[in-house]
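A quick write-up on the structure given underneath.
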Amino acid sequence: MDELDGQGVHPLVELNPEEAARRSGSPVHLGGAFETTGAIVQPALLARGLRRVALERGVRIFERSPMTQLDRGTSSPRVRTPAGSVAAGRVVVAMNAWAARFAEVRRRIVVVGSDIVATERTPDRLAAIGWTDGLSISDSRLLVHYYRTTDDGRIAFGKGGGALGFSRWVGSRFEGESRRRDLVERAFRRTYPMLNDVRITSSWTGPIDRTRTGLPFFWRLGGRPDVFVGVGYSGNGVGPSYLAGRILASLVLGRDDEWARCGLVRTPAGRFPPEPFRFLGGHVVRGAIARKERAEDDGRRADRLTKALVRLAPAGLVPLDQD
Ligand SMILES: Cc1cc2nc3c(=O)[nH]c(=O)nc-3n(C[C@H](O)[C@H](O)[C@H](O)COP(=O)(O)OP(=O)(O)OC[C@H]3O[C@@H](n4cnc5c(N)ncnc54)[C@H](O)[C@@H]3O)c2cc1C
């Protein structure tokens, strides 16, 4: 923050508990940091808008044609699909957590589920608690809670730290209805007890591509000059994937500009342990984090072992004030 202040950038305004309660409509927050430069988007509309513009510019999109294999042994890479294959001058792998199928990516990310529920439409109740300005909220626990309202008066409430991926596989556990719906609903009810009678109408889950640093990385897959990858948004990729488009375009076109020279274009920092240690260790650490957060929710302190295990969480996940 001091460095940002020094640059004349003041993105955060501190909120005391009363202001945090007034702005969020919830009494549970201990305080807040309001990001003055933030904005929210509806990611599905963003994806559809990008699709429309791409088509207008002559891009051909082949939906429902999954890449089953990427041949990299030949002079130019070949993308295989169930219905045929394409030899390409350049390939960009922008597959989010599913890029774990590539050995070069696998140890650089851990695939972890994020789960979300949505309520029925309830604009009157939102008005009653004063949450009408589209404020989007996330807390600072490690198994983060994030919540926002929608244009049609619902609340979408999510929780990170769900299912853990094993090795290269990102299977059906990471798609569709959430298996942690009850857990996420409990967190929602605890945050908004005055909305206890508002019904949850849907839930879903998806995979997060968490890196050790929490930062994405962009580089040449397997050192090849013609296969590029952008991955590791760590659950915050909606805005950064726009930046990523610039970076990947410059890399693909062989430009030497500020995007191609950006600090995120690098061999990714840090590796996770090999399987099965990553999977087993991940469960142990995640369990410790959940215990610590439950204890804190109940006004208790976690035991020493739990705290020590929490410190093994990837850098950037551990809050500064952890003692
Ligand atoms: C529940 C949940 C809540 C989230 N909330 C936020 C948030 O509030 N803010 C935020 O910034 N980010 C959030 N994220 C993260 C955000 O969605 C991602 O960081 C972002 O979508 C990454 O963009 P991407 O283009 O890399 O990947 P994606 O948008 O996931 O696109 C990757 C695409 O690759 C496709 N694909 C996978 N395998 C293959 C294959 N073999 N062949 C062809 N295509 C393939 C997938 O189907 C997918 O369409 C959330 C994620 C989840 C799951």
Side-chain angles (χ1 to χ4, degrees), residues 35 38-51 54 61-71 77-86 88 91-102 105 109 111-118 134-139 143-150 155-163 165 168-181 183-184 187-188 202-211 214-218 228-249 264:
E35 279 191 51
I40 56 172
V41 295
Q42 214 298 11
L45 289 180
L46 175 66
R48 284 183 206 155
L50 288 170
R51 179 182 187 277
I61 300 174
F62 297 90
E63 295 183 56
R64 301 187 189 285
S65 57
M67 179 190 72
T68 49
Q69 197 177 316
L70 174 61
D71 292 343
R78 181 170 285 274
V79 177
R80 297 199 179 276
T81 78
S85 69
V86 183
V91 171
V92 174
V93 174
M95 291 163 57
N96 196 346
W98 290 275
R101 65 186 291 155
F102 295 106
V105 173
I109 62 171
V111 177
V112 53
S114 199
D115 300 77
I116 191 161
V117 299
L135 188 77
S136 150
I137 305 165
S138 67
D139 65 17
L143 305 184
V144 62
H145 294 155
Y146 49 93
Y147 27 118
R148 58 170 289 179
T149 54
T150 65
I155 294 172
F157 190 104
K159 184 173 179 65
R168 57 171 290 160
W169 293 286
V170 182
S172 56
R173 282 188 311 143
F174 293 95
E175 282 177 44
E177 199 161 318
S178 167
R179 297 177 185 198
R180 295 201 304 162
R181 177 186 167 127
L183 180 74
V184 184
F188 164 63
S202 55
S203 76
W204 65 101
T205 190
I208 300 294
D209 48 349
R210 170 78 211 186
T211 59
L215 292 172
F217 54 84
F218 304 90
F228 303 89
V229 66
V231 72
Y233 300 101
S234 302
N236 298 297
V238 174
S241 60
Y242 172 81
L243 171 81
R246 301 258 177 191
I247 294 172
L248 289 166
L264 296 172

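Atoms within each ligand, like the ligands themselves, are counted from 1 in listed order. Model, not experiment: these values are computed from the prediction.
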Establish whether atom 8 (O) of ligand 1 and some protein heavy atom are separated by less than 4.0 angstrom. no
Under 3.5 Å, N or O to N or O, is Ile208 touching ligand 1 that way? no
Is there a donor-acceptor pair under 3.5 Å between the side chain of Arg101 and the backbone N or O of Thr68? yes
The single option from Arg180, Arg181, Lys159 that satisfies side chain to side chain donor-acceptor pair (under 3.5 Å) with Asp115 is Arg180
Does the protein come close to atom 25 (O) of ligand 1 - that is, does one of its heavy atoms sit below 4.0 Å from that atom? no
Does some non-hydrogen atom of the protein lie less than 4.0 angstrom from atom 38 (N) of ligand 1? yes
For ligand 1, find out whether one of its N or O atoms is nearer than 3.5 Å to an N or O atom of Ile116. no
Nearest heavy-atom approach of Val112 to Phe174 is C-CE2, 4.0 Å
Please indicate whether any nitrogen or oxygen in Gly206 is less than 3.5 Å from any nitrogen or oxygen in ligand 1. no
Run the side chain to side chain contact (heavy atoms under 4.5 Å, CB included) test on Asp71 and Arg80 for me, step by step, so that the C-alpha distance in whole Å, both residues' side-chain angles and the decisive distance to 0.1 Å come before the verdict. CA-CA 8 Å; Asp71 292 343; Arg80 297 199 179 276; 2.6 Å; yes
Shortest non-hydrogen contact from Gly232 to Asp209? N-OD2, 2.7 Å
From atom 34 (O) of ligand 1, work out which of Met95, Arg101, Arg148 has a heavy atom at the shortest distance. Met95
What protein heavy atom is closest to atom 28 (P) of ligand 1, reported as residue, atom name and distance in Å? Asn96 ND2, 3.7 Å
Would you mind listing which atoms of ligand 1 come within a distance below 4.0 Å of any non-hydrogen atom of Tyr233? 19 (O), 22 (C), 26 (O)
What atoms in ligand 1 come closer than 4.0 Å to a heavy atom of Val238? 10 (C), 11 (O), 12 (N)
Is any heavy atom of the protein nearer than 4.0 Å to atom 12 (N) of ligand 1? yes
Numbering the atoms of ligand 1 from 1, which are under 4.0 Å from a heavy atom of Tyr146? 1 (C), 2 (C), 3 (C)
My understanding is that we take every heavy atom of each candidate and find the minimum distance to atom 23 (O) of ligand 1. Doing that for Gly239, Ser241, Pro207, Pro240, which one comes out nearest? Ser241
Around atom 48 (C) of ligand 1, find the nearest protein heavy atom and jot down its residue, atom name and distance. Trp98 CZ3, 4.2 Å
With rounding to the nearest 0.5 angstrom, report the CD1 to CD1 distance, Ile155 to Ile137. 9.0 Å
Of all heavy-atom pairs linking Leu264 and Leu215, the shortest is CD2-CB, 4.3 Å
Heavy-atom protein contact below 4.0 Å for atom 44 (N) of ligand 1: no
Ser114 N/O under 3.5 Å from ligand 1 N/O: no
Could you tell me, atom by atom, which parts of ligand 1 come under 4.0 Å of a heavy atom of Asn236? 10 (C), 11 (O), 12 (N)
With sequence neighbours excluded, what pairs up with Tyr233 under the ring pair (Phe, Tyr, Trp, His ring centres under 6.0 Å) test? none
Only heavy atoms of Ala94, strictly under 4.0 Å: list the atoms of ligand 1 that pass. 32 (C), 34 (O)
Compare every heavy atom of Tyr146 with every heavy atom of Gly160, then report the nearest pair and how far apart it is. N-CE2, 4.1 Å
Quick test of your reading of the structure: of Met67, Glu63, Glu175, whose heavy atom lies closest to atom 42 (N) of ligand 1? Met67
So, using side-chain contact (heavy atoms from CB on, under 4.5 Å) as the criterion, who are the partners of Leu50 when residues are at least two apart? Leu46
With the threshold set at under 4.0 angstrom, would you say Gly235 reaches ligand 1 through any of its heavy atoms? yes
